[in-house]
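Data first, discussion second: the structure below is written as structure tokens.
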Amino acid sequence: MAIKSLLTAALVAPAVVFGAAIPPTEAGTSSINIVGGDAASAGDFPFIVSLQVSGSHFCGGSLLNANTVVTAGHCGVAYAASRVTVRAGSLNKNSGGTVVSVSSIKTYSGFNSGTLDGDVAILKLATSIPTSSTIGYATLAASGSDPASGATLSVAGWGTTSAGGSSLPAALRKVSVPVVARSTCASQYKVINQRYSITTNMFCAGLAAGGKDSCQGDSGGPIVDSSKTLVGLVSWGEGCAEPNTPGVYTRVGSSVIGSFISANL
């Protein structure tokens, strides 16, 4: 299993990729980027942010209000809050927008770093980020909601554009992928490895033929429905855009995930 982050690309060899950070810091994880997508336009994801350490992107996240960002749990445990900054309001992860420091990070107590169940964390910002012409706040999926099989969702990030890629695009990219039934996804992952488990705190999205997916460096970033409601967070997957191995996302509508987020707004 691999995270879609850049946290351990230099240290890890597993095929499964977590979707969050890029810095090589956490053994046993790796990262991924948007595959088979297009450049995002201003207004597509006004709430998306880049999480950075020393000016380098390692995960994505979403602004929920002026002081709160939601991201993946494996992104939340990667660095001390004092080392992390957030860039909001820019399609370019390297410039523009607003950059603020993070005052605290709280990872869901039920987060399991081995299975990536409960993969969610909340960052509190040291300086408020107000809405503007380029910045908005995400709307959360309703508690108990679950993306319907076959529904088309959109995911965005600054991750690599191929599995194992060594460079990240400066400009935000996006891709549309269909939801895969949880039972189908669970069966597909059991074929790959009997230890892989798709829980009710997760959902899957991707094409049976592959070719479109989130990838290394996308972890923690948003996946939204047609109304731009935040339904999930990029979490993990087997490689990137492989056939019959959809990306796996933290389900925001899960009662335990939703309750954790709401309690920390």
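One-based numbering along the sequence shown.
Evaluation of the ring pair (Phe, Tyr, Trp, His ring centres under 6.0 Å) test over residues 94-116, restricted to residues two or more places apart or in two chains, returns Tyr108-Phe260. Identified under the salt bridge (charged side-chain N to carboxylate O under 4.0 Å, His left out) test for residues 125-138, with sequence neighbours left out: none. Within the structure, no pair that satisfies the ring pair (Phe, Tyr, Trp, His ring centres under 6.0 Å) test touches residues 213-234, not counting sequence neighbours. Residue pairs meeting the salt bridge (charged side-chain N to carboxylate O under 4.0 Å, His left out) criterion with at least one partner in residues 177-188, sequence neighbours excluded, are Asp146-Arg182. Sorted by first and then second residue, the pairs that involve residues 40-60 and meet salt bridge (charged side-chain N to carboxylate O under 4.0 Å, His left out), not counting sequence neighbours, are Asp44-Lys174.
Scored by the side-chain hydrogen bond (donor to acceptor under 3.5 Å, both in side chains) test, Thr199 finds Asp117 as partners (sequence neighbours excluded). Residues that satisfy the side-chain hydrogen bond (donor to acceptor under 3.5 Å, both in side chains) test with Ser197, not counting sequence neighbours, are absent from this structure. In this view, Asp38 satisfies the side-chain hydrogen bond (donor to acceptor under 3.5 Å, both in side chains) rule with no residue, not counting sequence neighbours. Remark: Ser145 engages Ala141, Ala142 in a side chain to side chain contact (heavy atoms under 4.5 Å, CB included) (not counting sequence neighbours). Considering only residues two or more places apart in sequence or on other chains, Lys190 meets the side-chain hydrogen bond (donor to acceptor under 3.5 Å, both in side chains) condition with none of them. Residues that satisfy the side chain to side chain contact (heavy atoms under 4.5 Å, CB included) test with Val179, not counting sequence neighbours, are Pro147, Ala151, Leu153.
Under the 4.5 Å side-chain heavy-atom criterion for Ile, Leu, Val, Met, Phe, Trp and Tyr, Val100 and Val84 are members of the same hydrophobic cluster. Connection of Leu63 to Leu51 is established within a shared hydrophobic cluster, with ILVMFWY side chains joined at heavy-atom distances below 4.5 Å, either directly or through further cluster members.
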Please tabulate, for side-chain N and O atoms in residues 223-230, each donor-acceptor pair with protein atoms closer than 3.5 Å (sequence neighbours left out).
unit_1 : atom_1 : unit_2 : atom_2 : d
Asp225 : OD1    : Ser227 : N      : 2.9
Asp225 : OD1    : Ser227 : OG     : 2.8
Asp225 : OD1    : Lys228 : N      : 3.2
Asp225 : OD1    : Thr229 : N      : 3.0
Ser227 : OG     : Thr229 : OG1    : 2.9
Lys228 : NZ     : Gly43  : O      : 2.6

